[in-house]
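For reference, the structure discussed in these notes is given below.
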There are 2 protein chains.
Amino acid sequence: MRDAAEIQHRMTLFQQRCAELGLANTHQRQVIFRTLAESTSHPTPEEVYRRVRKKIPSISLGTVYRNIKILVQKGLLKEVAVHHEPLRLDPNLSDHHHLVCRRCKSVADIASEDVEPVRLKAALPAGFQVERCEVVAMGLCAACAMKLKQNRSH
Amino acid sequence: MRDAAEIQHRMTLFQQRCAELGLANTHQRQVIFRTLAESTSHPTPEEVYRRVRKKIPSISLGTVYRNIKILVQKGLLKEVAVHHEPLRLDPNLSDHHHLVCRRCKSVADIASEDVEPVRLKAALPAGFQVERCEVVAMGLCAACAMKLKQNRSH
DNA sequence: TTGACAAAAGAGAATAAATCTCGTTTAATA
DNA sequence: TATTAAACGAGATTTATTCTCTTTTGTCAA
């Protein structure tokens with residue numbers, strides 16, 4: 001749980017951004033966002049639903065998913081990492097990293113030697129044992145970059 | 001597609017490891033692994049199924065999933081990133097990284113300032129535009145490390 | 001070799017996560 | 001305060017994955 005002033009600030013910004021984006025200011029949307037803004041635990045949609053129902057018992061799961069989707073699209077929320085989509089497999093057991101295209105979801109390898117070693121400067125949450133670090137570089141592959149450009153130009 | 005010698009090498013290692021692990025040497029398992037070893041595109045289980053059926057038309061999707069699961073468990077395959085599991089949300093829009101516990105799937109933030117900036121040393125695949133880099137540090141949180149230790153001791 | 005037994009396969013039902021459809025309600029604004 | 005587009009609730013649908021159960025196939029010792 002974050003402190004009240006911080007949350008109030010986030011809510012104010014949220015309402016501004018919604019207005020700018022033409023998103024209606026519904027009670028459900030407010031409560032869904034507030035629930036996320038208050039949490040530090042990166043909840044799943046189901047968990048958000050569970051918490052929001054305490055405030056709005058009649059809310060539907062579909063509304064939670066719909067709002068999460070819209071808010072992620074508009075950049076008001078983020079997803080942790082990329083893949084809730086189907087599992088992607090990798091026969092390459094050596095330590096390496098990945099490039100993921102945000103549009104077509106293609107995955108390419110980056111050899112470990114091609115990335116400066118990842119170094120954590122600060123203390124980790126008490127007792128966390130890191131086993132491996134993966135860098136996920138997200139962006140657009142050449143093909144998708146071109147397609148997006150074409151779409152924008154007509 | 002990788003070159004034939006490399007694949008042959010992987011298949012030999014694979015058979016050795018299977019024998020060591022007591023995994024039966026079935027035709028289906030061989031073909032599933034070979035299909036993955038040949039690919040450079042990080043296919044989904046469905047895609048693996050599609051390709052394997054060209055060699056073994058009668059294979060079932062369940063067999064593909066079952067083998068993928070076993071091989072990942074035994075460390076003969078890897079999953080790209082972590083989450084095929086439910087979407088995890090993040091209201092923190094500032095640039096930051098994540099610690100993920102491989103056992104309980106809890107997610108904790110690492111502030112961007114606490115990680116040395118990620119630097120790519122080599123050229124990326126032609127034309128890939130990186131928009132953001134996320135470091136995913138995987139391991140065990142304190143609670144899970146303790147539970148695993150306890151389980152092992154009796 | 002062959003026979004016993006555990007491991008794995010195939011078929012298809014079941015579950016979980018997410019999305020969609022459609023009739024109704026609500027917020028924005030004129 | 002009337003209009004209308006946006007959003008809601010309910011529940012069906014789709015997609016990804018796992019499970020159950022019966023049959024088949026490897027493995028290994030006699």
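In the text below, chain A, chain B and the rest are named by the order of the sequence lines, each starting its count at 1.
Judged by distance alone, with hydrogens and angles left aside, the side-chain atoms of Arg29(A) form a donor-acceptor pair with the main-chain N or O of Ala24(A) at under 3.5 Å. The closest donor-acceptor contact from the side chain of Thr63(A) to the backbone of Ile59(A) lies at 3.5 Å or more, if one exists at all. Under the 3.5 Å distance criterion, the side-chain polar atoms of His42(B) are matched with a main-chain donor or acceptor of Val107(A).
Between dT19(C) and Lys69(A), a contact under 4.0 Å exists linking OP1 or OP2 to a side-chain N or O. Taking 4.0 angstrom as the limit, Arg29(A) places a side-chain polar atom (N or O) nearer than this to OP1 or OP2 of dA7(D). Contact annotation: Arg66(B) does not reach the phosphate of dT18(D) (side-chain N/O to OP1 or OP2, under 4.0 Å). The side chain of Tyr65(A) contributes an N or O atom lying less than 4.0 Å from OP1 or OP2 of dA18(C).
Across all strands shown, Leu61(B) has heavy atoms under 4.0 Å from base atoms, whether or not it also approaches the sugar-phosphate.
Atom-to-atom, CD of Gln15(B) to P of dG26(D) comes out at 13 Å; the value is rounded to the nearest Å. Following rounding to the nearest Å, Tyr49(A) (OH) and dG11(D) (P) show an atom-to-atom distance of 11 Å. Note: CD1 (Ile59(B)) to C1' (dT24(D)) measures 14 Å, nearest angstrom. When the C1' atom of dA16(D) is taken as reference, atom CD of Glu47(B) falls 15 Å away, rounded to whole Å. For the pair Ile68(A) CD1 and dA7(D) P, the computed distance is 15 Å after rounding to whole Å. One interatomic measurement links the two molecules: CG of Leu21(B) to C1' of dA8(C), which rounds to 16 Å at whole-angstrom precision. Whole-Å rounding puts the Asn67(A) CG to dG9(D) C1' distance at 13 Å. Rounded to whole Å, atom P of dT18(D) lies 12 Å from atom CD of Glu46(B).
Side-chain polar atoms of Asn25(A) and Gln30(A) form a donor-acceptor pair below 3.5 angstrom. Side chain to side chain, His96(A) and Asp90(A) meet the donor-acceptor criterion of an N or O pair below 3.5 Å. Judged by distance alone, the side chains of Asp109(B) and His97(B) never bring a donor and an acceptor atom under 3.5 Å apart.
Ion pairing between Glu46(B) and Arg50(B) fails under the 4.0 Å rule for side-chain N and carboxylate O.
Bending across the helix from dT1(C)-dA30(D) to dA30(C)-dT1(D), expressed as the angle between its end axes from five pairs apiece, amounts to 40° (10° rounding).
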Trace of the side-chain contact (heavy atoms from CB on, under 4.5 Å) decision for Leu140(A) with Phe128(B): CA-CA 6 Å; Leu140(A) 280 176; Phe128(B) 196 102; over 6 Å; no
Per-nucleotide protein contact string for nucleotides 24-30 of chain C (B base, S sugar-phosphate only, - none; heavy atom under 4.0 Å): ---SS--
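Side-chain contact between Asp3(B) and Glu6(B) is present, with at least one heavy-atom pair separated by less than 4.5 Å.
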